[in-house]
*Asks:* 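There's a structure below that I have some questions on.
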Amino acid sequence: MKNIVFIAPPAAGKGTQSHLLKKKYNLAHISTGDLLRKASLEESERGDYIRNCLSQGRLVSDEITLELLTERLNESDCENGYILDGFPRNVKQAIAYESWLNQTQKDLGYVIFLDIPKELAQKRIVGRETCPNCGAVFNDQIEVSKPKQDGICDICEHQLVKRKDDNDETFNQRYDTYMEQTEPLINHYRSLGILHTINEIDKEKAFQQIEKIIHE
Ligand code: ADP
């Protein structure tokens with residue numbers, strides 16, 4: 001199975017689609033946000049620095065992000081193919097990643113751009129709850145996405161958590177960062193002729209479209 005890279009604004013559904021793909025195709029799901037949230041718990045200068053970036057909605061340095069990512073990509077579960085959720089986040093990261101792929105003789109795979117309006121992204125952020133155990137995503141503000149039981153994961157019954165940076169203020173900063181740094185990546189991949197765009201906001205329909213791309 002080829003690798004998949006998701007490019008999208010915050011709360012566009014990268015995590016949800018990654019989770020569905022992981023389950024069905026046995027791909028490793030690598031979220032740089034998750035890697036960084038874990039590293040932010042370290043009691044060190046690096047941990048403090050990452051914690052600060054996350055709480056302000058700013059990108060963590062390319063150097064630290066790449067170090068954590070390449071360490072993770074060397075683990076054995078990635079051999080079967082993996083999904084990159086939240087990386088690359090700017091053109092510099094994309095170029096560094098392309099050179100890592102060259103060195104390790106791996107393939108970039110599919111680049112999928114999940115395009116959603118800002119207003120919807122903001123609404124999704126406010127009510128978002130995720131399962132730290134299995135990665136499933138719910139939303140207590142959107143009827144069709146509510147968990148069956150308040151605060152409990154439908155899939156593994158683990159307690160759901162809310163991310164500290166899922167609030168209106170940090171959302172605006174994250175969205176501005178996206179427009180400034182990540183959006184230019186769309187042209188980067190479009191010019192390489194490997195960009196697939198999904199405009200569908202329904203999660204099942206978006207998943208069907210992704211499956212169509214990977215089966216073509
Ligand atoms: P979202 O896409 O909803 O913003 P993520 O979990 O992907 O959520 O990212 C959360 C935060 O982690 C970002 O706001 C940023 O501070 C940091 N981050 C994630 N991926 C990267 C990356 N590739 N480079 C730098 N910082 C990152």
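Please read all numbers here as calculations on a predicted model, not as lab measurements. All heavy atoms count here, side chains included; hydrogens, waters and symmetry mates do not. Order of appearance sets the numbers: ligands from 1, and atoms from 1 within every ligand.
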*Asks:* Members other than Tyr25 in its cluster, when Ile, Leu, Val, Met, Phe, Trp, Tyr link by side-chain heavy atoms under 4.5 Å?
*Replies:*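 Noted: Tyr25 shares its cluster with Met1, Ile4, Phe6, Leu20, Leu21, Leu27, Ile83, Tyr110, Ile112, Leu114, Ile198, Phe207, Ile210, Ile213, Ile214.
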*Asks:* Which residues pass the salt bridge (charged side-chain N to carboxylate O under 4.0 Å, His left out) test with Arg89, not counting sequence neighbours?
*Replies:*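 Once residues adjacent in sequence are excluded, Arg89 has no partner under the salt bridge (charged side-chain N to carboxylate O under 4.0 Å, His left out) criterion.
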*Asks:* Is it true that atom NZ of Lys203 has more than 12 heavy atoms of other residues, nucleotides or ligands lying nearer than 6.0 Å?
*Replies:*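 No, the 6.0 Å shell around NZ holds no more than 12 heavy atoms from other groups.
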*Asks:* For Lys123, does the NZ atom sit with more than 12 other heavy atoms under 6.0 Å from it, leaving out its own atoms?
*Replies:*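 No, not enclosed.
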*Asks:* At less than 4.0 angstrom from any atom of ligand 1, which residues have a non-hydrogen atom? List them by chain and residue number.
*Replies:*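 The 4.0 Å shell around ligand 1 contains Pro10, Ala11, Lys14, Thr32, Gly33, Leu36, Arg37, Leu54, Arg58, Leu59, Val60, Thr65, Gly86, Phe87, Arg89, Gln93, Arg128, Arg163, Asp165, Arg174.
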*Asks:* What pairs of donor and acceptor atoms, side-chain ones from residues 148-162 against any protein atom, are under 3.5 angstrom apart with sequence neighbours left out?
*Replies:*
{"unit_1": "Asp154", "atom_1": "OD1", "unit_2": "Lys148", "atom_2": "N", "d": "2.8"}
{"unit_1": "Lys162", "atom_1": "NZ", "unit_2": "Val126", "atom_2": "O", "d": "2.7"}
{"unit_1": "Lys162", "atom_1": "NZ", "unit_2": "Arg128", "atom_2": "O", "d": "3.1"}

*Asks:* Before accepting this row, confirm whether a basic side-chain N of the pair Asp77/Lys22 lies closer than 4.0 Å to the acidic partner's carboxylate O.
*Replies:*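 Salt bridge between Asp77 and Lys22, a charged N being under 4.0 Å from a carboxylate O: no.
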